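Note that the structure is a prediction, hence the values are computed from the model and not measured. Computation of the quantities below employed the complete heavy-atom set of this structure, encompassing side-chain atoms and omitting hydrogens, waters and symmetry-equivalent molecules. Sequence lines set the chain letters: A, B, ... in the order given, protein chains first and strands last, and positions in each chain run from 1.
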Amino acid sequence: MLNLLQSPKAHLSALRSGDWLIIIASVVMIVFLFQTLWTHEHAAKVQIRLGDKLHGTYSLNQQRDIDVHGPIGTATIHIAQGKARFSKSPCNNQYCVHQGWLSHAGQAAICLPNQISLELVGEEKLYDSLNY
Amino acid sequence: MQIQTTAEDHRIAKLAAFAIALHMVEAVIPSPLLGVKPGIANIVTLYVLLQYGFTAAAWVSLLRVFAGSLLLGHFLSPTFMLSLMGAVLSLGALSLAIHLPKKHFSAVSLSILAAFAHVTGQLLMVRLWLIPHAGISYLIPIFAAAALFFGIINGLITTKLLYNHKLHSKYD
């Protein structure tokens, strides 16, 4: 292993033509994945899910608080200036609240104890290979 | 009562023990990003695949997943299911990739393909079972990049091990 770190060049010569082909194809695929999945499109709506059901979809173009009644209590989701966040949650760890504002399409915050999740979506739902 | 064991069983047990040890070592190493791990135990799987064939590799890999999770206390937990799904898909990929012509494709290719299959399995599991919405799509490029990086490194280490093995067996 140390040997490998010391002389990477000597070891790269072990690669054959097919290996390079696979590496290049993988790099292209990864760049493509970054481009398609990391678009910083501003979100237009927030989807709130309670358990496996869609609780509601709200426009981010408004200022309002939404109360969602989850299994362990009521969480408050605050929408303002094209962003959304958990502002209050009855859970112990408060991870969801600490996650702060979500502003880009595709971002999500999940409160597992209370089974509530937020997901920001753009004007059109982005294509995603796991979701077609 | 005594179970009759063959030399092959002993060899698989020995190699699986080695893979489990690497699995444990890796569990202790902190990961910079949740879930991104080098997968050094896969070096053993690859080595066994190229040295002793697919059946032995499948045994070693699955024994590693089961015994490793028992030792870490993850058995039947989500972590275990992720591990199992990753191992099964990467074995599937290896069973196909082993037929690639050896002249053009070294262990590095197999390693990369197995690593991609591994993260695909895990991400599918996460998507379908643990976090059933598209939020995790953000992580796909990171996992893919990590799979490529560690796939290459593990593949190179395997190549080196096989090469050393050949050198030693010359003198035996």
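Clustering ILVMFWY residues whenever any of their side-chain heavy atoms sit less than 4.5 angstrom apart, transitively, puts B/Phe80 in a cluster other than the one holding B/Leu72. Clustering ILVMFWY residues whenever any of their side-chain heavy atoms sit less than 4.5 angstrom apart, transitively, puts B/Leu89 in a cluster other than the one holding B/Met81. Note on B/Ile43: it clusters hydrophobically with B/Phe54, by side-chain heavy-atom contacts below 4.5 Å among ILVMFWY residues. By the criterion of side-chain heavy atoms lying less than 4.5 angstrom apart, applied directly or through intervening Ile, Leu, Val, Met, Phe, Trp or Tyr residues, A/Met29 is grouped together with B/Leu100 in one hydrophobic cluster. Under a hydrophobic-cluster definition in which Ile, Leu, Val, Met, Phe, Trp and Tyr are linked whenever side-chain heavy atoms come within less than 4.5 Å, directly or via other members, A/Leu120 and A/Tyr95 are assigned to different clusters.
For the set B/Leu110, B/Ile112, B/Leu161, the entry with the most heavy-atom pairs within less than 4.5 Å of chain A is B/Ile112. Each of A/Ile23, A/Leu112, A/Leu21 has some count of heavy-atom pairs under 4.5 Å with chain B, and the biggest count is that of A/Ile23. For the options B/Gly151, B/Ser109, B/Pro101, heavy-atom pairs under 4.5 Å to chain A are most numerous at B/Ser109.
Atom CG of residue A/Leu33 and atom CG of residue B/Leu139 lie 12.0 Å apart, to the nearest 0.5 angstrom.
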Going through the distances and angles, do A/Leu15 and B/Leu156 end up as a side-chain contact (heavy atoms from CB on, under 4.5 Å)?
CA-CA 8 Å; A/Leu15 294 178; B/Leu156 287 174; 4.3 Å; yes
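Other residues, nucleotides and ligands contribute more than 12 heavy atoms inside 6.0 Å of the CD atom of A/Gln94. A 6.0 Å sphere centred on OH of A/Tyr58 holds more than 12 heavy atoms belonging to other residues, nucleotides or ligands. Annotation for A/Phe32: atom CZ does not count as buried by contact number, only 12 or fewer foreign heavy atoms lying within 6.0 Å.
Both the backbone and the side chain of A/Val27 have a heavy atom closer than 4.5 Å to some heavy atom of chain B. In this structure, chain A has heavy atoms under 4.5 Å from both the backbone and the side chain of B/Ile142. Using a 4.5 Å cut-off between heavy atoms, B/Thr159 contacts chain A through its side chain alone, with no backbone atom that close. At a 4.5 Å heavy-atom cutoff, the contact between B/Phe116 and chain A is made by side-chain atoms alone.
Each of B/Leu113, B/Leu148, B/Ile152 was scored for a side-chain contact (heavy atoms from CB on, under 4.5 Å) with A/Ser26, with one residue passing: B/Leu148.
Looking only at distances, no side-chain donor or acceptor of A/Arg16 sits under 3.5 Å from a matching main-chain atom of B/Val108.
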